2 protein chains.
Amino acid sequence: MNDSRPIRAKSGTNHEGTSAHNRRVMIDALRINGALSRADLARATRLTKQTVSNIIEELERDGLVSSQEAVRRGRGQPSTPYGLVPEGAFAIGLQIDRHVTRAVAVNLVGSVLVRDEAGLPPGGPSNGTKVVLDLVAGVRSKLAGIVQQSEKRLVGLGAAMPGPFGVAGSGDDPWMMEAWQKFPLLETLTAGTGLDVGLQNDAAAAATAERMVGAAHGLDHAVCLFVGYGIGAGLILNGELYRGTNGNAGEIGMALLFADGKSTPLEHRASLASLYQHLSVDPADPHLHAHINDLALRGDQSIHAWVEAAAVDLRWSIHLIETLFDPQTVILCGSAPEALVNKLIAAIGPLLPSIAERRGRTLPRLQPGMADPWSVALGAAAGPISRAFDPRFAAILKDSLQS
Amino acid sequence: MNDSRPIRAKSGTNHEGTSAHNRRVMIDALRINGALSRADLARATRLTKQTVSNIIEELERDGLVSSQEAVRRGRGQPSTPYGLVPEGAFAIGLQIDRHVTRAVAVNLVGSVLVRDEAGLPPGGPSNGTKVVLDLVAGVRSKLAGIVQQSEKRLVGLGAAMPGPFGVAGSGDDPWMMEAWQKFPLLETLTAGTGLDVGLQNDAAAAATAERMVGAAHGLDHAVCLFVGYGIGAGLILNGELYRGTNGNAGEIGMALLFADGKSTPLEHRASLASLYQHLSVDPADPHLHAHINDLALRGDQSIHAWVEAAAVDLRWSIHLIETLFDPQTVILCGSAPEALVNKLIAAIGPLLPSIAERRGRTLPRLQPGMADPWSVALGAAAGPISRAFDPRFAAILKDSLQS
DNA sequence: CTCATTAAGTCAAGTGTCTTGACTTATTAC
DNA sequence: GTAATAAGTCAAGACACTTGACTTAATGAG
């Protein structure tokens with residue numbers, strides 16, 4: 001009672017933690033490799049055949065995996081491969097952007113089953129909360145109409161919006177969605193849906209999506225450079241999304257570039273916001289995405305000029321990412337129109353020499369990722385799926401075991 | 001046999017993994033909080049009193065913890081605190097630098113018991129290997145002379161040298177120790193000492209040291225900006241050193257700065273190498289360290305000019321680190337003379353506005369760390385200690401369990 | 001065609017580690 | 001002096017992985 005400073009310690013673990021981890025490892029292996037037999041799983045995970053059998057049996061009972069037709073592979077008893085059941089789990093993903101909000105429902109393997117969007121009225125959360133909650137409710141009930149028992153298998157709601165979170169805010173920056181960023185979104189969504197809610201910035205969501213179904217599938221170290229209205233980096237480190245102390249890791253858009261004696265955030269030079277300014281168009285125009293795509297396809301000169309300028313900064317960004325994170329690969333993705341992303345990738349090459357240039361590379365240094373207005377919502381939905389099923393240190397610890 | 005593509009999967013775990021983790025959690029808690037009673041440990045780790053008792057008993061048998069005098073804390077039976085036994089384990093740390101090699105022996109709590117250094121002859125590993133092995137052998141036998149049974153409690157040898165590792169090499173860069181970097185140092189040291197050997201770059205080693213006994217003690221997210229002959233960042237992410245795909249994460253010295261229309265690596269502008277060039281002194285001079293310290297203390301004009309210039313770049317680096325890693329704190333350390341580091345810290349402030357500027361901060365954004373020629377060797381030694389005793393995801397997995 | 005070989009998968013007992021709940025010990029508060 | 005409180009132990013129990021023998025089902029060699 002006297003000198004009771006709080007004691008800091010990591011949580012211990014027990015049998016349940018072990019079991020939870022092993023279940024996740026199985027699911028992860030099936031996700032990465034496709035269907036595998038129990039014997040394959042035992043070899044790959046270093047567990048015994050018996051243990052694998054028990055866990056697979058349990059996963060099958062839970063409707064997460066199912067057996068496929070036996071395959072003969074030479075001598076010996078044929079093996080029975082088990083694969084993930086797509087309908088084994090669902091999650092809702094929600095993207096809150098400047099002028100629009102999007103929601104999707106995805107299944108265990110990351111297929112989008114339902115998608116819907118709505119315009120966001122000006123005025124921030126006070127006007128937008130209802131729109132957002134209605135959108136989520138709509139997607140949720142459509143999902144329930146498509147698949148039976150979806151509610152029982154709904155692992156959570158993932159939200160994504162531009163970062164950074166919880167920062168004092170520079171006030172004068174018209175590109176910050178400060179009202180939403182300050183708003184207790186997590187609490188509101190939890191109260192409004194009754195679901196387990198998570199929140200990431202949009203670059204992190206894009207990275208989560210790439211890891212589940214895209215170019216980072218099965219990789220342990222990958223960075224997604226996300227070009228959207230702003231620009232950010234989603235970090236997959238040691239096989240998990242890295243969030244930093246306050247969920248703001250990877251906010252590369254705020255990195256400062258020096259030119260002409262003054263410093264400018266990367267975001268002001270290479271992002272859709274900078275493109276819109278360059279083109280003097282209205283960011284709120286709902287047809288803007290298609291319009292820009294058209295311009296890019298047509299080889300518009302103004303677009304070209306912006307691409308060339310942005311490519312210089314992106315080339316530098318990729319070099320910086322390689323230098324600081326030493327990833328297996330860098331993935332360029334965005335909510336930008338696909339034609340624009342393609343032009344950017346073409347303009348970025350060749351990359352600057354870096355420590356990523358080494359003999360024996362198997363992956364390209366830079367890969368294209370998803371460039372789809374829905375990829376952030378997909379990534380948002382991938383968050384809860386990943387939290388529930390991917391192997392993670394935190395999932396082993398006693399203080400995170402649920403039932 | 002037919003389509004046997006390798007199956008990728010994470011390793012499963014079992015009872016031993018659980019037990020190993022819980023042991024590590026106890027040791028970690030005692031390291032962070034000092035001596036704790038079993039009841040304290042049970043509450044902090046969420047394990048039961050009984051489990052804690054068993055583990056503590058085992059750790060005591062192994063000579064890693066010992067009981068202290070009972071303390072009365074109000075009503076109830078007095079508690080018996082247990083603390084780490086410094087002599088419970090030892091490790092050797094080895095630093096290989098441009099002109100010198102240093103070795104230290106440290107104990108479980110990071111106290112340096114033996115230190116020794118030797119000049120490195122030119123010619124790289126072919127001439128230097130024997131010097132290095134002799135130095136390690138000398139420190140090892142001196143340790144054996146000071147403490148009994150030290151060999152049995154020696155958990156490994158940690159080596160540190162400037163990175164990057166395994167890179168093609170730009171050939172024309174006189175600041176790269178390419179011969180050593182290409183040399184199979186790990187294998188040579190393993191063969192030459194029979195110990196478990198680890199290798200990190202010097203910034204990573206500095207971070208490891210700061211985490212064990214310095215400003216990053218007990219922190220889960222901290223970045224050490226290391227100013228030495230080169231400049232690098234040691235990354236503590238999620239409570240562990242982050243190495244990246246090839247052990248090259250954090251090589252911020254290679255980040256490119258644009259000025260006057262051309263790009264320059266940070267390392268060429270803010271590092272001891274740049275200072276030596278600025279002062280036109282011989283980097284191989286053994287008295288250089290003391291000399292520079294003197295100059296700094298005396299307020300030398302040439303030093304001052306370099307400090308002012310370097311501070312601009314370091315301020316930018318710190319902003320970049322905060323932006324990309326979102327750490328709890330940034331620690332400035334180095335093998336630079338302490339007076340110089342102090343001048344740098346003074347010149348760096350005030351920091352640039354960043355996402356690290358938030359209400360409710362408890363730690364300063366920038367803290368001074370160790371500035372001691374021996375800190376890299378200490379960090380190198382801290383590597384094996386950390387690998388052996390700190391809670392880590394990898395330590396739970398079956399494929400890393402030894403006996 | 002037969003049978004040894006190979007490999008997948010099951011069975012049942014065994015083991016290790018954490019958990020549970022009652023109990024003992026030691027101190028303070030009233 | 002006694003009740004309350006907290007640390008720590010004891011012994012049985014539960015859980016999840018392991019072990020080794022066994023069953024099943026295919027191939028390949030003679």
Side-chain angles (χ1 to χ4, degrees), chain A residues 1-4 7 11-26 35-60 65 67-82 396-399 401 403, chain B residues 1-4 7 11-26 35-60 65 67-82 396-399 401 403:
Chain A
M1 185 115 335
N2 26 22
D3 73 315
S4 62
I7 295 172
S11 165
T13 185
N14 60 11
H15 300 139
E16 290 178 61
T18 301
S19 171
H21 172 71
N22 287 344
R23 278 179 61 123
R24 285 166 185 261
V25 166
M26 303 279 167
L36 295 174
S37 71
R38 302 176 204 195
D40 285 337
L41 282 167
R43 278 185 295 264
T45 62
R46 311 253 207 154
L47 292 166
T48 59
K49 283 186 294 180
Q50 186 58 60
T51 299
V52 171
S53 267
N54 292 340
I55 294 176
I56 287 293
E57 193 183 354
E58 190 189 316
L59 291 175
E60 193 167 23
V65 308
S67 60
Q68 305 182 351
E69 201 152 327
V71 294
R72 284 187 277 264
R73 289 195 288 188
R75 233 176 237 197
Q77 178 171 331
S79 61
T80 311
Y82 283 78
I396 295 183
L397 308 185
K398 257 187 114 172
D399 57 12
L401 296 172
S403 82
Chain B
M1 186 117 334
N2 25 22
D3 74 313
S4 61
I7 296 172
S11 164
T13 185
N14 60 11
H15 300 140
E16 290 179 60
T18 301
S19 171
H21 172 72
N22 288 343
R23 279 179 59 123
R24 285 166 184 261
V25 166
M26 303 279 167
L36 294 174
S37 71
R38 301 176 204 196
D40 284 337
L41 282 167
R43 279 186 293 266
T45 62
R46 313 254 206 152
L47 292 166
T48 60
K49 285 186 293 180
Q50 186 57 60
T51 299
V52 171
S53 266
N54 293 341
I55 294 176
I56 287 291
E57 193 183 353
E58 188 189 317
L59 291 174
E60 193 166 22
V65 307
S67 61
Q68 305 181 353
E69 203 153 325
V71 293
R72 284 188 278 263
R73 290 195 288 186
R75 227 176 243 195
Q77 178 171 329
S79 62
T80 310
Y82 283 78
I396 295 184
L397 308 185
K398 258 188 113 173
D399 58 12
L401 297 172
S403 81

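The sequence lines fix the lettering, A, B, ..., with proteins before strands; numbering per chain opens at 1. Predicted, not measured: the structure shown is a model, and the values here were computed from it.
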* To do: Mind checking the NE2-NE2 spacing from B/H21 to A/H21? Nearest 0.5 Å is all I need.
  => 12.0 Å
In whole angstroms, how far is the [atom2] atom of [N] from the [atom1] atom of [X]?
{"X": "A/R73", "N": "D/dA25", "atom1": "CZ", "atom2": "P", "result": "18 Å"}
{"X": "A/N54", "N": "C/dC11", "atom1": "CG", "atom2": "P", "result": "10 Å"}
{"X": "B/R75", "N": "D/dG8", "atom1": "CZ", "atom2": "C1'", "result": "19 Å"}
{"X": "A/R72", "N": "C/dT6", "atom1": "CZ", "atom2": "P", "result": "20 Å"}
{"X": "B/L397", "N": "D/dC17", "atom1": "CG", "atom2": "P", "result": "14 Å"}
{"X": "A/R38", "N": "C/dA7", "atom1": "CZ", "atom2": "C1'", "result": "14 Å"}
{"X": "B/K49", "N": "D/dA11", "atom1": "NZ", "atom2": "C1'", "result": "15 Å"}
{"X": "A/E16", "N": "D/dC17", "atom1": "CD", "atom2": "P", "result": "11 Å"}

* **Which residue lies more 5' along DNA chain D, comparing B/S37 with A/I55 via nearest heavy atoms** => B/S37
* Asked: Relative to the 5' end of DNA chain D, which residue comes earlier, B/K398 or B/T80, by the nucleotide with the nearest heavy atom?
  -> B/T80
Do the side-chain N or O atoms of [X] get closer than 4.0 angstrom to the phosphate oxygens (OP1, OP2) of [N]?
{"X": "A/T48", "N": "D/dT18", "answer": "yes"}
{"X": "B/R43", "N": "D/dA7", "answer": "yes"}
{"X": "A/S53", "N": "C/dT10", "answer": "yes"}
{"X": "A/T18", "N": "D/dC15", "answer": "no"}
{"X": "A/N14", "N": "C/dT19", "answer": "yes"}

* A/D40 vs B/L47, nearer the 5' end of DNA chain C by closest nucleotide -> A/D40
* Asked: Considering heavy-atom distances to DNA chain C, does B/N22 or A/P81 have its closest nucleotide positioned more toward the 5' end?
  ->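 This one resolves to A/P81.
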* Remember a base hit wins even if backbone is also touched, and classify B/T51 as base, sugar-phosphate or nothing at under 4.0 Å, heavy atoms. =>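 Base contact.
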Please tell me whether [X] and [Y] have a donor and an acceptor in their side chains that are separated by less than 3.5 angstrom.
{"X": "B/Q50", "Y": "B/N54", "result": "yes"}
{"X": "B/R46", "Y": "A/S11", "result": "no"}
{"X": "A/T18", "Y": "B/T18", "result": "yes"}

* Kindly determine whether A/D40 and A/R73 satisfy side chain to side chain contact (heavy atoms under 4.5 Å, CB included), including the steps that lead there. => CA-CA 12 Å; A/D40 285 337; A/R73 289 195 288 188; 3.0 Å; yes
* Between D/dT19, D/dA7, D/dC17, which nucleotide gets closest to the side-chain atoms of A/S19? ->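 Minimum distance to the A/S19 side chain belongs to D/dC17.
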* Out of C/dG9, D/dG8, D/dT18, which has the shortest distance to the side chain of A/Q50? -> D/dT18
